[in-house]
Number of protein chains: 2
Amino acid sequence: MQKTSKKELILYHARESFSKNGYELTALEAIAKECDITKPAIYYHFKDKAALYKAVICPEFTAVALKIEENTKMGNPIQRLENYIKIFGEFLISNPTFNAIFAREIANGSSTMPDECVEQLSRTIKQLISILNDGESAKTFTKEPPFLIQMMIVTTLTSYNTTQPLREKISQYVQNKTTQAEPNFHNIIDALSQKIIKGLLC
Amino acid sequence: MQKTSKKELILYHARESFSKNGYELTALEAIAKECDITKPAIYYHFKDKAALYKAVICPEFTAVALKIEENTKMGNPIQRLENYIKIFGEFLISNPTFNAIFAREIANGSSTMPDECVEQLSRTIKQLISILNDGESAKTFTKEPPFLIQMMIVTTLTSYNTTQPLREKISQYVQNKTTQAEPNFHNIIDALSQKIIKGLLC
DNA sequence: TATAATTTACTTACCGTTTAGTAAGCAAGG
DNA sequence: CCTTGCTTACTAAACGGTAAGTAAATTATA
């Protein structure tokens with residue numbers, strides 16, 4: 001049985017902390033402690049804090065880009081857009097740490113996002129543009145700004161995940177008599193998908 | 001001519017910095033410098049950093065709640081929802097500092113958001129719930145989770161604002177031959193409004 | 001094959017800087 | 001003379017990062 005390497009362990013705990021606390025509030029000393037090593041050991045494996053952050057997030061951006069490309073090439077524009085939303089949404093559920101980090105990057109204007117990640121993100125948007133263009137040519141979809149659609153999909157999903165505690169607090173104030181059970185996240189993906197596609201149809 | 005008080009000046013520069021740099025990266029010393037005072041002068045007016053932050057954002061949450069309430073009571077559900085989106089969107093354009101701070105709060109799960117702000121935010125959501133319920137009763141709208149609709153509206157708009165630099169970077173990679181001119185933000189509000197309402201119609 | 005040299009993967013100890021926050025003093029105005 | 005609205009000077013802690021050393025594993029050499 002293969003022991004996970006120290007480097008992998010550092011990446012694991014770094015991901016947890018960046019996701020939970022954000023970049024600024026992540027202390028390398030704390031990560032080291034969780035790995036049962038000392039801080040300079042982190043500097044042995046990574047040049048600095050920024051490099052560690054990069055090492056944490058870049059593979060996830062690459063993974064999502066790959067999954068999107070693999071799953072949104074076939075079918076008619078509606079099916080492809082459904083898949084785009086579904087794949088993105090399910091990736092976010094399966095990778096809550098990525099969800100949290102991505103949400104913060106967007107809120108930050110991505111000023112600190114490594115170029116490598118921007119490039120990977122561009123691949124997914126390229127795919128979305130292709131879907132929207134095809135749908136438009138086929139007179140299935142109306143012409144819309146692709147970035148707007150991207151925001152409607154991605155930020156709605158990420159923020160729905162990050163705001164669960166907020167929703168609970170708000171519920172106390174709202175006292176919605178007709179409160180329905182909080183829909184689970186898979187339902188949210190479906191509901192969002194239906195609404196966006198309906199909104200786009202000619 | 002009335003000189004703006006030092007307290008107002010502190011609030012102004014604090015708002016700028018919290019908005020631009022976020023809570024953690026805002027240094028009180030820097031704010032003091034911009035106000036031509038010293039750091040302890042800030043502590044004369046505000047208990048601590050958290051209190052200053054609260055003083056910056058709470059009035060804005062109150063203002064948006066008020067505006068929403070004033071402008072979404074009249075008309076049929078479609079008109080009211082149109083107004084809800086328009087008022088929210090225009091508030092975000094007119095208050096870019098609020099936009100940036102709000103976006104970060106959402107991405108953070110609002111764990112640091114003062115209860116007072118949560119309460120004000122609840123007022124706007126109450127209004128949205130009322131609109132959606134009325135639309136549902138009138139068989140105008142399908143039944144949808146209100147928080148999802150809120151996220152589709154609010155996070156799409158805030159993030160469209162915060163991600164302008166990101167969009168520019170992505171454009172370099174995407175090389176969209178059919179690139180249309182970046183729509184201005186008022187067009188974005190309209191486009192979003194149309195799409196959401198279309199998606200909600202029975 | 002024994003041994004010397006080198007590299008790997010860390011640790012201990014420390015530095016410099018930043019930053020929130022405080023104690024005490026002081027000048028001006030009522 | 002006392003309150004308001006600050007300033008000067010300071011503390012304590014946190015944090016990113018580095019220098020130097022070391023035990024163990026690996027490789028080169030005699």
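Proteins get letters first, then strands, A, B, ... in listed order; numbering begins at 1 in each.
One atom, CG of B:Leu9, and another, P of D:dG5, lie 15 Å apart when rounded to the nearest Å. Here the C1' atom of nucleotide D:dG17 and the CZ atom of A:Phe46 are 16 Å apart, to the nearest Å. For A:Tyr44 and D:dA19, the OH to C1' distance is 16 Å, given to the nearest whole Å. Rounded to a whole Å, the CG atom of B:Asp36 is 16 Å from the C1' atom of D:dG5.
Using a distance-only test at 3.5 Å, with no hydrogens or angles considered, no donor-acceptor pair links the side chain of A:Lys195 to the main chain of B:Ile197.
Ring centroids of A:Tyr160 and B:Phe147 are separated by 6.0 Å or more, keeping the two rings apart.
Look at B:Lys86 and B:Asp190 and you find no salt bridge, because none of the NZ, NE, NH1 or NH2 atoms lies under 4.0 Å from a carboxylate O.
Neither OP1 nor OP2 of C:dT8 sits under 4.0 Å from any side-chain N or O of A:His45.
Residue B:Glu144 holds its CD atom at 9.0 Å from CD1 of A:Ile188, rounded to the nearest 0.5 Å. Here NZ of B:Lys198 is found 7.5 Å from CG of A:Leu200. Values are rounded to the nearest 0.5 Å.
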Counting primed atoms plus P, OP1 and OP2 as sugar-phosphate and everything else as base, spell out the protein contacts along nucleotides 19-30 of chain C at 4.0 Å heavy-atom distance: B, S or - for each nucleotide, 5' to 3'. -BBB--------
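Cation-pi contact between A:Lys49 and A:Tyr23: present, with separation from the ring centre below 6.0 Å and deviation from the ring axis of at most 45°.
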